[in-house]
Colleague: 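Sharing a structure, written as structure tokens. Questions coming.
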Amino acid sequence: MTKRIFATAIAAAVIATSLPTAGAANALTIVPTRTKGQAVYVGSTRVYPTGYNINDNNYFKLRDVGKLVGFGVDWNEDTRTVEISTTRTAPELTGIADTAVTGATAKPTDQRITVDGKEVSMTAYKIKGNNYVKLRDIGKTINFGVSFNMATKAVGIDPNGTYVEEVKPTPSTPTAAAITKWNSTMDEFNEEMIQNHSDKDKLLAIAAKYGTTITGKANATTADVISALESMTGAPVDAISFDNKPVSLYWAKQLRKANGETVKDDTSVSDNQTSTGVTVTDAMLRQWEQEMIVRINEERAKVGAPALVQDNDLMWSAQFWAQHLTTEWRHAVYGEIKELADAQGIPVKSNIEDLINGENITGAGRLTGIGYDPMTIAMNNFMASEGHRNTLLNTDYTRVGIGFAVSADGQIYCCQHFGR
């Protein structure tokens, strides 16, 4: 049996997360917008207003929104009124820094808000002494474009656009039985499928092992398991599924392939391009790697873990394995990295743990154009999975290397390597 590269970090495997239970009714939750993985754009320019997500809506500092759109915001101390002037100036797209902090508290603002002298009603909160407004409320009041890309989690602001009411899809409510089934059985099924991802015979054996529990049939066939996975409600999205679809659908597809069926891929592209013609360049890959190191240290700081230092050897190994993922999806093993390390003159002794102590891998979708952020998608995958998160926040680690790569069909992959 080959030795796994993450001998002390079993959390490196891609595992499904349990569904959260419902919280108290009307509970006010407040987290920085960036924690939700939501980037903000004015046109094609990414901007960094201070924002918080409250009850699944984005609230941004009113003065920041004023600068980005080009309207005036003043404070009248005598009347305790926030005075907004719709007289437009050129948007200010630089010099605005996101200073949102984890653990901040919000309360409904007690101040009047007027637009061109007329009092208006909009949802607003006071956070750290500043007024934060619901972006769609101020967009409707001032009349500028507001959009949200569900796939990329990109918030769009169009200073010259016209406000259009959001049409939300009718949500489907997972059944209690489906959630219970996933939490009690599917985590184990998912983990075994991951560990044997490249072995078709083992995938079929795992399906047979869990078939009765998954389907409720005493003699469940592979076809029965596939049907149950494809109809399952409440299955979480996980890093293994790559495409923001429930992980149960991913395994159904893999079982169809293992069963000898021809499965058509969802996307057909070539030459590192998407259907939009956006090319993933080496410069993009290297930029995402540097951004991810910053994000990792931000997450570690939240739990009191020491910051990681970028390590050239780990950067090399992570980039090498990310490229390997473009042709074969699995974790690295000792011999492969050791052999390459020797060829490159990197000193690795008898144990690969002299170089690497932990590994996380994930897919990050395909570049679909402006607003798509593969680094954030990958980080969200890692932080949403308990195993990845534990590896990423491990206080024993002091070094880190990140690798991004893109396959011939445009799929983006990420590898994290950690060392002591």
Side-chain angles (χ1 to χ4, degrees), residues 4-14 32 34-35 37 48 97-102 239 282-325 331-334 336-338 340-362 364 373-405 412-420:
R4 293 279 177 184
I5 199 169
F6 51 99
T8 62
I10 60 172
V14 193
R34 64 174 178 272
T35 303
Y48 299 87
D98 181 358
T99 58
V101 296
T102 302
D282 285 342
M284 289 179 182
L285 300 175
R286 305 294 83 81
Q287 177 182 343
W288 296 334
E289 291 163 1
Q290 294 302 313
E291 290 177 353
M292 178 165 280
I293 292 174
V294 173
R295 281 290 302 278
I296 288 173
N297 283 330
E298 287 179 350
E299 296 297 336
R300 290 175 66 87
K302 293 176 185 177
V303 298
L308 300 178
V309 176
Q310 178 177 323
D311 182 275
N312 289 338
D313 290 344
L314 291 179
M315 291 295 291
W316 159 81
S317 63
Q319 290 169 359
F320 166 74
W321 200 253
Q323 188 61 45
H324 184 93
L325 294 174
H331 281 288
V333 294
Y334 169 73
E336 294 161 322
I337 297 293
K338 178 67 165 63
L340 190 63
D342 290 341
Q344 296 291 324
I346 296 176
V348 179
K349 300 178 183 178
S350 60
N351 195 326
I352 194 63
E353 291 177 11
D354 291 335
L355 176 64
I356 304 167
N357 304 109
E359 175 183 89
N360 281 340
I361 58 176
T362 187
D373 186 354
M375 186 281 297
T376 297
I377 298 298
M379 275 297 294
N380 287 346
N381 287 344
F382 291 141
M383 293 303 293
S385 169
E386 181 181 3
H388 291 92
R389 186 171 61 252
N390 290 343
T391 299
L392 191 148
L393 301 177
N394 190 322
T395 56
D396 291 336
Y397 297 151
T398 61
R399 302 176 294 119
V400 66
I402 305 296
F404 273 90
I412 299 166
Y413 295 85
C414 176
C415 176
Q416 297 177 335
H417 278 170
F418 301 91
R420 294 190 179 90

Colleague: Mind listing the closest non-hydrogen atom pair of Gln416 and Met292 along with its distance?
Modeller: NE2-SD, 3.3 Å

Colleague: Among Leu393, Asn394, Val400, find the one that has a side-chain contact (heavy atoms from CB on, under 4.5 Å) with Tyr397.
Modeller: Asn394

Colleague: Working to the nearest 0.5 angstrom, can you tell me the gap between Thr391 OG1 and His417 NE2?
Modeller: 11.0 Å

Colleague: What heavy-atom pair brings Thr362 and Phe382 nearest, and what distance separates the two atoms?
Modeller: CG2-CZ, 3.3 Å

Colleague: Go through the steps to decide whether Val294 and Met375 satisfy the test side chain to side chain contact (heavy atoms under 4.5 Å, CB included), and finish with yes or no.
Modeller: CA-CA 11 Å; Val294 173; Met375 186 281 297; over 6 Å; no

Colleague: Going by the angle between their ring planes, with limits at 30° and 60°, are Trp321 and His324 parallel, tilted or perpendicular?
Modeller: parallel

Colleague: About how many Å separate CD1 of Ile361 and CG of Asn381, when rounded to the nearest 0.5 Å?
Modeller: 11.5 Å

Colleague: Which heavy atom in Ile402 sits nearest to a heavy atom in Gln319, and how many Å separate them?
Modeller: O-CG, 3.7 Å

Colleague: If you round to the nearest 0.5 Å, how far is CE of Met379 from CH2 of Trp288?
Modeller: 15.5 Å

Colleague: Does the Glu289 side chain pair with the main chain of Phe404, one donor and one acceptor, at a distance under 3.5 Å?
Modeller: yes

Colleague: Has the side chain of Asn360 got a donor or acceptor atom that lies under 3.5 Å from a matching backbone atom of His388?
Modeller: yes

Colleague: If I compare all heavy atoms of Arg300 with all of Pro306, which pair ends up nearest, and what's the gap?
Modeller: NE-O, 2.7 Å

Colleague: Between Arg399 and Arg420 (side chain of the first, backbone of the second, donor and acceptor by atom type, cut-off under 3.5 Å), is there such a pair?
Modeller: yes

Colleague: With a 4.5 Å cut-off on side-chain heavy atoms, are Arg295 and Leu392 touching?
Modeller: no

Colleague: Identify the two heavy atoms, one from Ile412 and one from Pro374, that lie closest to each other, and give their separation to 0.1 Å.
Modeller: CD1-CG, 3.7 Å

Colleague: What is the minimum heavy-atom distance between Ala305 and Thr395, and which atoms define it?
Modeller: CB-CG2, 3.9 Å

Colleague: Who are the salt bridge (charged side-chain N to carboxylate O under 4.0 Å, His left out) partners of Glu291, not counting sequence neighbours?
Modeller: none

